[in-house]
There are 2 protein chains.
Amino acid sequence: MPVRHIYTPMKIAEKHRAARQYILEAARPLIGQRGFSAVGLAQILDVAGIPKGSFYHYFESKEAFGEALLQTYIDDYLIKMDDILGNDDENAAQRITRYCQFWRDTHIEGQIGNKCLIVKLAAEVSDLSERMRAILDVGTRTVIDRISAVIASGQEDGSIGSTQPAPMLAASLYQLWLGSTLMVKITHSSPPFDHAWEASRRLLEI
Amino acid sequence: MPVRHIYTPMKIAEKHRAARQYILEAARPLIGQRGFSAVGLAQILDVAGIPKGSFYHYFESKEAFGEALLQTYIDDYLIKMDDILGNDDENAAQRITRYCQFWRDTHIEGQIGNKCLIVKLAAEVSDLSERMRAILDVGTRTVIDRISAVIASGQEDGSIGSTQPAPMLAASLYQLWLGSTLMVKITHSSPPFDHAWEASRRLLEI
DNA sequence: TTCATAAAAAGACGACTGGTCTAATTTTTA
DNA sequence: TAAAAATTAGACCAGTCGTCTTTTTATGAA
């Protein structure tokens with residue numbers, strides 16, 4: 001690489017990054033509601049206020065864009081998760097309870113753009129793109145690991161009664177809530193969340 | 001419309017019904033793998049061996065076709081369910097076990113065309129078509145009701161220990177397995193089913 | 001400040017696929 | 001054989017993703 005002066009390239013790089021972010025933010029509610037394949041790039045870019053022709057300056061392809069979308073969603077989700085599960089004033093059972101409540105709140109009726117992209121896209125994307133599937137794989141594994149850690153600490157502090165292996169309990173809980181969210185989508189009603197919560201309490205013995 | 005004689009329309013009606021059936025059968029594996037929106041009518045009709053122009057003689061629209069697809073899938077599924085759950089030689093716990101095993105077998109790796117359309121389409125279709133959502137709503141409700149009935153009989157015959165309300169247990173189980181199937185899709189591995197089964201045993205106390 | 005150069009945006013464009021509909025053809029009935 | 005119905009071919013237009021050239025903007029040196 002040739003020697004070159006350090007001419008602050010911040011402005012350009014910054015604008016580029018910001019535009020990328022605009023596109024991802026504009027896409028999230030659209031794709032969260034209609035799915036990945038069903039939403040065209042034109043519409044996303046229109047909402048983001050970025051010209052169609054510029055898309056390939058920010059993403060290599062629609063699939064690469066989908067990967068970035070999932071990854072940023074998961075990154076954001078993990079931050080929120082840490083926020084909820086990391087509260088050290090509460091015992092583990094209380095933290096799990098808050099997480100379940102957070103899950104419910106995310107999917108209340110009326111909310112249209114903020115719902116869980118994992119629930120929405122898992123079935124569609126897993127058979128569509130190996131790379132997007134891999135991102136979901138790692139992402140859900142991470143989420144389950146964090147739940148598992150809280151459960152393990154609950155088994156120590158006594159707030160969780162079940163002596164089942166924490167990773168297994170965590171996986172079961174995550175699956176249960178994943179399924180309940182699907183049922184909420186199908187039934188347009190909230191009882192599935194009530195059932196998930198009741199079953200969670202029984203499984204954890206809290 | 002002019003008066004017309006009753007000229008035995010059996011053959012025509014029969015052919016019509018058969019063609020409709022061909023289309024639905026051809027579509028099931030395609031849509032089961034790639035989703036509803038992602039599969040075009042041209043491809044479905046191509047596989048079915050029906051000219052593209054004829055589609056609207058069999059279905060009013062793609063959405064009406066989707067409704068029929070879901071309804072026939074659910075009807076077929078309920079028949080299989082009755083077959084599995086209706087075996088009177090076994091007690092309720094054994095019948096539930098067989099149903100869970102059936103669920104697993106349906107989603108083993110390698111199987112591509114026969115997987116559960118409800119899992120595949122729930123997230124996509126619920127936000128896309130109110131009528132298709134309603135079919136899924138009634139369909140899943142029916143499935144859960146049958147599971148509930150078996151659980152109730154298991155609580156009577158003693159093979160199921162839990163005294164929780166059967167409808168609630170049934171809903172929880174269904175959600176759990178729905179979610180586990182999503183996780184199997186994401187992870188390309190079967191442990192989610194193992195976790196679902198273990199959690200099912202705990203919830204039912206069998 | 002001015003200018004040459006490089007980076008980025010713009011939007012038309014191509015090749016294709018989507019669901020739908022009309023006009024023509026084939027088949028069936030009287 | 002003539003009338004009617006059922007079926008089909010093909011056109012249609014809106015939409016898809018991705019590419020390409022032109023225009024605009026930003027940059028660093030003189």
Side-chain angles (χ1 to χ4, degrees), chain A residues 1-24 26-27 30-31 34-69 124-125 128-129 131-132, chain B residues 1-24 26-27 30-31 34-69 124-125 128-129 131-132:
Chain A
M1 186 188 283
V3 175
R4 59 173 217 178
H5 297 139
I6 300 166
Y7 60 95
T8 63
M10 281 307 286
K11 272 176 197 160
I12 283 184
E14 191 58 35
K15 275 182 69 177
H16 188 89
R17 215 191 57 80
R20 234 182 94 101
Q21 202 61 27
Y22 279 149
I23 297 175
L24 290 170
L30 289 174
I31 288 179
R34 309 213 274 111
F36 181 72
S37 303
V39 178
L41 295 180
Q43 189 181 358
I44 294 168
L45 294 163
D46 195 42
V47 171
I50 308 266
K52 269 173 272 184
S54 306
F55 178 78
Y56 289 87
H57 285 272
Y58 303 109
F59 301 98
E60 206 180 274
S61 62
K62 195 191 183 187
E63 187 188 344
F65 156 75
E67 294 167 36
L69 182 77
E124 177 186 0
V125 149
L128 179 72
S129 156
R131 297 171 65 110
M132 289 174 79
Chain B
M1 187 188 283
V3 175
R4 57 173 219 177
H5 297 139
I6 299 167
Y7 58 96
T8 64
M10 277 310 284
K11 272 178 198 160
I12 284 182
E14 192 57 35
K15 276 180 68 176
H16 188 89
R17 215 191 56 81
R20 232 183 96 101
Q21 202 61 27
Y22 279 149
I23 297 174
L24 289 170
L30 289 175
I31 288 178
R34 309 213 275 109
F36 181 72
S37 302
V39 178
L41 296 180
Q43 188 180 0
I44 295 168
L45 294 163
D46 193 43
V47 171
I50 308 268
K52 189 187 171 191
S54 307
F55 178 78
Y56 289 86
H57 283 271
Y58 303 110
F59 301 98
E60 208 178 90
S61 63
K62 195 191 182 187
E63 186 187 346
F65 156 75
E67 294 167 36
L69 181 77
E124 177 186 0
V125 148
L128 180 73
S129 156
R131 298 171 65 109
M132 289 175 79

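Throughout, a chain's letter reflects where its sequence line sits, starting with A, and its residues are numbered from 1. Quantities reported herein were computed from a predicted structural model and do not represent experimental measurements.
One distance of note links CG of A:L128 with CZ of A:F36; it measures 6.5 Å at 0.5 Å rounding.
The CG atom of A:D46 sits 14 Å away from the C1' atom of D:dG15 (whole-angstrom rounding). The CD1 atom of A:I31 sits 12 Å away from the P atom of D:dT16 (whole-angstrom rounding). Between B:F36 atom CZ and C:dG18 atom P there is a gap of 13 Å when expressed in whole angstrom units. The interatomic distance linking B:L45 (CG) with C:dT20 (P) rounds to 12 Å, in whole Å. Between B:I50 atom CD1 and D:dT8 atom P there is a gap of 7 Å when expressed in whole angstrom units. Distance CD1 (B:I23) to P (D:dT7): 11 Å, rounded to an integer number of Å. When the P atom of C:dT20 is taken as reference, atom CZ of B:F59 falls 13 Å away, rounded to whole Å. Distance CZ (B:F55) to P (C:dT20): 7 Å, rounded to an integer number of Å.
Residue A:H57 places no side-chain atom within donor-acceptor reach of the base of C:dA8, judged by atom type and a 3.5 Å distance cut-off alone. A donor N or O paired with an acceptor N or O is not found under 3.5 Å between the base of D:dG18 and the side-chain atoms of A:K52.
Among the nucleotides C:dG18, C:dG19, D:dC17, the one closest to any side-chain atom of B:K62 is C:dG19. The side chain of A:Y56 has D:dG18 as its nearest neighbour among D:dG18, C:dG18, D:dA9.
Remark: the backbone N or O of A:G35 is not paired with any side-chain donor or acceptor of A:E124 at under 3.5 angstrom.
At a threshold of 4.0 angstrom between heavy atoms, the contacts of A:Y58 are confined to the sugar-phosphate backbone, with no base atom among them. Using a 4.0 Å heavy-atom criterion, one finds that B:S61 contacts the sugar-phosphate atoms exclusively. Residue-level contact check: B:G40 touches the backbone only, with heavy atoms under 4.0 Å from sugar-phosphate atoms and none from bases.
Nearest-nucleotide mapping onto DNA chain D: of A:S37 and A:G53, the residue sitting toward the 5' end is A:S37.
A:A42 and A:K52 make their closest contact through CB-CD, 3.9 Å (heavy atoms, listed as atom of the first residue, atom of the second, distance).
Between B:S54 and D:dT8 there is a side-chain polar atom (N or O) within less than 4.0 angstrom of OP1 or OP2.
Looking at A:F59 and A:E67, their side chains never come closer than 4.5 Å, going by heavy atoms from C-beta outward. Side-chain contact check for B:F65 versus B:I31: some heavy-atom pair is nearer than 4.5 Å.
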